[in-house]
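Below, each value reflects all heavy atoms present in this structure, side chains not excepted, and no hydrogens, waters or symmetry copies.
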Amino acid sequence: MAGFDDLPADDQALRALRASSFGAHAAAYAEHRPDYPLDGIRWALGDVAQPTVLDLGAGTGKLTMGLLAAGASVIAVEPDAEMRAEFVRRYPRLPVYPGAAESIPLTDGAVDAVVAGQAFHWFDQDSAFPEIARVLRPGGVFAAFWNTDDTSVEWVDGLHRVARSAATLPGIRNLSTIPSPPQFAAFERADFPHTHRRTAESLTATIGTHSHTLVVSPEQRAHVLGAIADYLRGIPETSDGEFDFPLVTTIIRATRLP
């Protein structure tokens with residue numbers, strides 16, 4: 001299939017390519033990516049009433065929406081200019097700054113919590129954790145969120161097999177490899193059931209915003225998305241109108257030590 005040889009052979013280089021792939025598709029990302037469950041957001045933030053929260057790697061604001069619903073004041077940092085522009089279009093009154101997890105443009109102890117939605121796996125953890133600790137007040141919390149497909153459902157597992165591309169990498173959300181950094185207490189983990197209301201066409205569009213479909217050749221992208229659409233139109237769970245796509249929202253959180 002065309003495009004295989006155009007991808008970096010090194011996994012780290014491929015991860016970097018995938019991490020930088022979203023900006024040109026910011027509007028589609030905002031339209032088609034799922035939100036996050038409110039009970040999970042509340043668990044992540046803990047007991048602080050009306051916290052000031054940094055949404056780090058905020059993208060187009062998918063997690064920001066839930067943070068606001070939970071009563072937080074939100075500051076956003078996003079490295080990609082096109083994603084920031086989409087964020088501003090959706091949240092024109094919220095502060096959003098250029099920056100990255102490894103270089104956060106906030107003062108020491110500026111926030112009660114730092115959160116990252118679908119972003120932590122792109123961070124350079126050795127550089128990011130000291131910065132996250134710096135901008136957190138003592139006792140503040142860091143939390144990372146991932147929406148993942150619930151592959152315990154048979155047809156969802158089948159979709160995963162269909163949706164693979166040449167840029168698919170294993171272990172991108174392998175939480176067992178995340179050490180407890182010295183500035184933080186040990187990580188806690190919780191999983192929350194979640195759903196995303198979709199059709200065969202809109203779920204295909206959602207997967208079309210995933211980085212493993214963005215960095216491949218146009219020919220392979222068309223092939224993969226076509227196979228996904230054919231699969232979804234061909235099974236009874238998804239072939240006719242809207243359905244709830246099963247997700248699991250996994251959250252890890254750790255408290256900033258004094």
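- Under the salt bridge (Lys or Arg N to Asp or Glu O under 4.0 Å) criterion, E201 pairs with R233, not counting sequence neighbours.
- Neither Y36 nor L38 shares a network with the other; the hydrophobic side chains, linked directly or stepwise wherever heavy atoms of I, L, V, M, F, W or Y lie under 4.5 Å apart, form separate groups for each.
- Listed by chain and residue number, nothing satisfies the salt bridge (Lys or Arg N to Asp or Glu O under 4.0 Å) test with D35 (two or more places apart in sequence, or in another chain).
- In this structure, F123 and E131 have side chains that are not in contact, with every pair of non-hydrogen atoms separated by 4.5 Å or more.
- By the side chain to side chain donor-acceptor pair (under 3.5 Å) test, T238 is found to be paired with no residue, residues two or more places apart in sequence or in another chain being considered.
- V162 is linked by a side chain to side chain contact (heavy atoms under 4.5 Å, CB included) to A227, I228, Y231, counting only residues two or more places apart in sequence or in another chain.
- Scanning both residues, A185 and A254, for their nearest heavy atoms gives O-CB, 3.5 Å.
- Note on residues 48-57: pairs passing side-chain hydrogen bond (donor to acceptor under 3.5 Å, both in side chains), not counting sequence neighbours, are D55-T64.
- The side-chain hydrogen bond (donor to acceptor under 3.5 Å, both in side chains) analysis of residues 91-111, with sequence neighbours excluded, yields the pairs D108-R134.
- W122 is listed as a side-chain neighbour of S211, based on a closest heavy-atom distance under 4.5 Å.
- In the hydrophobic cluster analysis, where Ile, Leu, Val, Met, Phe, Trp and Tyr join through side-chain heavy atoms closer than 4.5 angstrom, V135 is grouped apart from V48.
- Under the rule for a salt bridge (Lys or Arg N to Asp or Glu O under 4.0 Å), the partners of R197 that lie at least two apart in sequence or sit in another chain are E242, D244.
- With ring centers used as reference points, F120 lies under 6.0 Å from F142.
- A donor and an acceptor atom, one from each side chain of H32 and R198, are located under 3.5 Å apart.
- To the nearest 0.5 Å, atoms CZ (R42) and CG (D47) are separated by 13.0 Å.
- In this structure, the side chains of P37 and W43 stay at 4.5 Å or more apart for every pair of heavy atoms.
- Evaluation of the salt bridge (Lys or Arg N to Asp or Glu O under 4.0 Å) rule for R221 yields no partner, not counting sequence neighbours.
- Under the 4.5 Å side-chain heavy-atom criterion for Ile, Leu, Val, Met, Phe, Trp and Tyr, L257 and L136 are members of distinct hydrophobic clusters.
- E78 is linked by a side chain to side chain contact (heavy atoms under 4.5 Å, CB included) to D80, M83, R84, counting only residues two or more places apart in sequence or in another chain.
- Every pair passing salt bridge (charged side-chain N to carboxylate O under 4.0 Å, His left out) that includes a residue from residues 143-160 is listed here, sequence neighbours excluded: D157-R161.
- For A113, the side chain to side chain contact (heavy atoms under 4.5 Å, CB included) partners two or more places apart in sequence, or in a different chain, are L45, V53, V141.
- Contacts of D191 classified as side chain to side chain contact (heavy atoms under 4.5 Å, CB included), with partners at least two apart in sequence or in another chain: R189, V248, T250.
- D240 CG to T199 OG1: the interatomic distance, rounded to the nearest 0.5 Å, is 11.0 Å.
- The CZ atom of R256 lies 12.5 Å from the CZ atom of F129; values are rounded to the nearest 0.5 Å.
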